[in-house]
Amino acid sequence: MDRPDDPVRQRILATVDSIPRGRVASYGQVALEAGLPGRARLVGRTMSELAEGTKLAWHRVVNAAGRISTSGASAREQRRRLRAEGVAVDARGRVDFAVHGWRP
DNA sequence: GCGCTGACTCCCC
DNA sequence: AGGGGAGCCAGCG
């Protein structure tokens with residue numbers, strides 16, 4: 001599993017792409033929805049390998065605690081993008097799933 | 001093949 | 001709420 005055309009990767013990307021604007025999902029939830037239960041790390045890896053200018057809404061994926069799992073510039077970018085689409089992100093970088101969680 | 005390293009998650013304390 | 005431990009698995013040296 002690693003090339004751009006890998007079917008597993010495609011499923012992960014498609015699932016992330018289906019998260020509606022203003023909602024967030026956890027890595028584990030994305031894995032589950034993509035038919036890959038227990039493969040949260042793979043989702044995280046996949047996100048980390050995205051190209052700079054990707055159109056994918058990677059910022060709508062956070063960890064199971066509702067926290068932004070990135071660090072540095074990408075963490076700030078993620079926070080910025082989430083807030084820009086109306087998602088409340090607290091000072092610690094946490095989103096409330098009860099309010100903004102993706103419920104497929 | 002081996003060990004380490006994560007944009008992860010549970011479970012237990 | 002926060003930390004340790006175990007399970008997870010693909011990539012890399």
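Letters go in sequence order (proteins before strands), and every chain restarts at 1.
Between A/Val95 and A/Leu82 the shortest heavy-atom distance is CG2-CD1, 4.2 Å. In plain terms, the two heavy atoms of A/Thr15 and A/Glu33 that are nearest each other are CG2-CB, 3.5 Å.
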(message) Does the protein touch nucleotides 8-13 of chain B at the base, only the backbone, or not at all? Give it as B, S and - per nucleotide, heavy atoms under 4.0 Å.
(response) BSS---
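The stretch residues 74-103 of chain A has no heavy atom under 4.0 angstrom from DNA chain B at all.
Residue pairs satisfying the side-chain hydrogen bond (donor to acceptor under 3.5 Å, both in side chains) criterion with at least one member in residues 17-27 of chain A, sequence neighbours excluded, are absent. Listed by first then second residue, pairs satisfying side-chain hydrogen bond (donor to acceptor under 3.5 Å, both in side chains) with a partner in residues 83-97 of chain A read A/His59-A/Glu85, A/Arg60-A/Glu85, A/Asp90-A/Arg94, not counting sequence neighbours.
In the hydrophobic cluster analysis, where Ile, Leu, Val, Met, Phe, Trp and Tyr join through side-chain heavy atoms closer than 4.5 angstrom, A/Met47 is grouped together with A/Leu36.
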(request) Please assess A/Val16 against A/Thr46 for the test side-chain contact (heavy atoms from CB on, under 4.5 Å), listing each intermediate value before the final yes or no. (result) CA-CA 11 Å; A/Val16 171; A/Thr46 303; over 6 Å; no
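Between A/Arg39 atom CZ and B/dG6 atom C1' the separation is 15 Å, expressed in whole Å. At whole-Å resolution of the value, CZ in A/Arg67 and C1' in C/dA1 are 11 Å apart. Put simply, CD on A/Glu49 is 11 Å from C1' on B/dG6, counting in whole angstrom units.
Under the side-chain contact (heavy atoms from CB on, under 4.5 Å) criterion, A/Thr70 pairs with A/Ile68, A/Ser74, A/Ala75, A/Gln78, not counting sequence neighbours. Residues passing the side-chain contact (heavy atoms from CB on, under 4.5 Å) test with A/Arg76 are A/Ala73, A/Arg79, sequence neighbours excluded.
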